[in-house]
Novice: 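The structure's right below; bear with me while I get my questions together.
Whatever order the structure lists them in is the order used to number ligands and atoms, beginning at 1. Note that these values count all heavy atoms, side chains included, but never hydrogens, waters or copies made by symmetry. The model shown is predicted, which means the values in this text are computed figures rather than measured ones.
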Amino acid sequence: MSDNWGFDTAAIHAGTAPDPATGARQVPIYQTTAYVFKDAAHAARLFGLQEVGYIYSRLTNPTVAALQARVAELEGGAGAVCCSSGHAAQIMALFPLMGPGRNIVASTRLYGGTITQFSQTIKRFGWGVKFVDLDDPQAVRAAVDDDTRAIFCESISNPGGYVTDIPAVARIADEVGLPLIVDNTLATPWLCKPIELGATLVVHSLTKYITGNGTVTGGVIVDSGRFDWSASGKFPSLSEPEPAYHGLKFHETFGALAYTFHGIAIGLRDLGMTMNPQAAHYTLMGIETLGLRMARHVENAQKVAEWLENDPRVTSVTYAGLASSPWNETARRVYPKGAGALFTFSIKGGYDAAVKLVDNLKLFSHVANLGDSRSLVIHSASTTHSQLTDEQKIAAGAGPDVVRLSIGIEDAADIIADLDQALAAATA
Ligand SMILES: *Cc1c(COP(=O)(O)O)cnc(C)c1O
């Protein structure tokens, strides 16, 4: 691996060499469950973590390993662990840090599914969450208590496309001695590298832009390798003897790779949220063009947002790339290549007009997904947020008149023409 490679070179080459067995240039899909040990001593060394190698595909697989190495390189991390979905990545990321009675401090501006996972499901593990506005440093400091084990945010957040000032949040995390976990799904490492900005861990839903074609679900956790897991005594899974590995201490033994090894040797082994090699193959195909796609995504999103903002049938547009956005200064400073390609807008005529707009769009697909090469739309109030009261919907940025767009990489003129004809039909 070369440290000097540019982003697009690394997106194609990092983590892969021609296949040593056959010379195959593309990464083979190693469709195998198990790997033959050289002899009994070799098997014993692998099981004892004294030697790194392949045992069983719930833990490691060469196709998945190539993807892990590539994402780690693109994010500037020490190591990465892939898993079956973005939501699996979030549980896997928290697992080594948490325990009953522990909590995380998380941003109020998160993907809806993450809010549900954090506010409902993790409670059953005895884990808690405190949601705070991460733009308010005092609120973050006030929320952290002795049981807090991490701070969690999204770089660019769903659904509004609001942006987080990662350097500012990382300074607070340093101050209070906690790891900062950044969900970088909407930005991808092409728009933002959270580790360079001070994050400890990065998680992704690979399902979205990184695969980029709406074919598979996947997730990944990237570790910066920089957090001192032994300093505070708050992370015994990483600093104390592990009974399931004859008292081995992960941090002492593996140093900067402690968290990554723990993710495989304990996380994947016991939680089993494994990525399969077929999914890794699709994601490796997608990632090769990540830089080209993201450049077009943000160029199109900026054009569409500006066009919508100037249209009299539209009340407001949330895109942080617009000069009118309260997040525009942060966007320019922290995300200089663009503010992503997901945002919402409000249409005159309320709920009825919003639903009519969605029904009249032809190029856009009405789906619960984002980050596809295709332009996508969803009316949150009648779908993802339909259980909420009107007041709650408005607070979540999903009021009755709000439509969420995920801008694809088609020709911008075609995207705008489709919105124009659907707006005409919806507001007639
Ligand atoms: C989709 C998404 C997730 C969840 O990922 P899955 O792959 O669907 O499990 C998490 N965070 C963000 C920002 C997302 O967009």
Novice: Is it the case that atom CZ in Arg25 sees more than 12 heavy atoms from other parts of the structure closer than 6.0 Å?
Specialist: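 Buried by this count: over 12 neighbours within 6.0 Å.
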Novice: Under 30°, 30 to 60°, or over 60°: which ring-plane class applies to Tyr54 and Tyr35, parallel, tilted or perpendicular?
Specialist: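 Judged by the thresholds at 30° and 60°, the geometry between Tyr54 and Tyr35 is tilted.
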Novice: Answer yes when Glu329 and Arg333 have at least one side-chain N-carboxylate O distance shorter than 4.0 Å, and no when they do not.
Specialist: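 So Glu329 pairs with Arg333 through a salt bridge.
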Novice: Looking only at N/O atoms, are Tyr111 and ligand 1 under 3.5 Å apart anywhere?
Specialist: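 For ligand 1, there is no N or O atom that lies under 3.5 Å from one belonging to Tyr111.
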Novice: Considering only heavy atoms, does Leu370 approach ligand 1 within less than 4.0 Å through its side chain, its backbone, both, or neither?
Specialist: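 Looking at Leu370 and ligand 1, just side chain atoms fall under 4.0 Å.
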Novice: With a 4.0 Å cut-off, would you call Arg102 and Asp147 a salt bridge?
Specialist: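 Looking at Asp147 together with Arg102, the answer is yes, because their closest N to O distance falls below 4.0 Å.
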Novice: In terms of residue, atom name and distance, what is the protein heavy atom nearest to atom 2 (C) of ligand 1?
Specialist: Lys208 NZ, 2.5 Å
Novice: Using the six-membered ring of Tyr111, assess whether NZ or CZ of Lys208 lies under 6.0 Å from its centre and within 45 degrees of the ring axis.
Specialist: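 Relative to the ring axis of Tyr111, which defines the angle, Lys208 lies inside both limits.
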Novice: Between Asp183, Val203, Thr114, which one has a non-hydrogen atom sitting closest to atom 11 (N) of ligand 1?
Specialist: Asp183
Novice: Identify the closest protein heavy atom to atom 6 (P) of ligand 1: which residue and atom is it, and at what distance?
Specialist: Gly86 N, 3.3 Å
Novice: When you measure from atom 9 (O) of ligand 1 to every protein heavy atom, which one gives the shortest distance, and what is it?
Specialist: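 Sorting protein heavy atoms by distance from atom 9 (O) of ligand 1 puts His87 N, 2.9 Å first.
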Novice: Around atom CZ of Arg332, are there more than 12 heavy atoms of other residues, nucleotides or ligands at under 6.0 Å?
Specialist: no
Novice: Does Gln90 have a non-hydrogen atom less than 4.0 Å from ligand 1?
Specialist: yes
Novice: Using a plain distance cutoff, I'd like to know if Glu154 has any nitrogen or oxygen under 3.5 Å from a nitrogen or oxygen of ligand 1.
Specialist: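 N/O-N/O distance under 3.5 Å: no.
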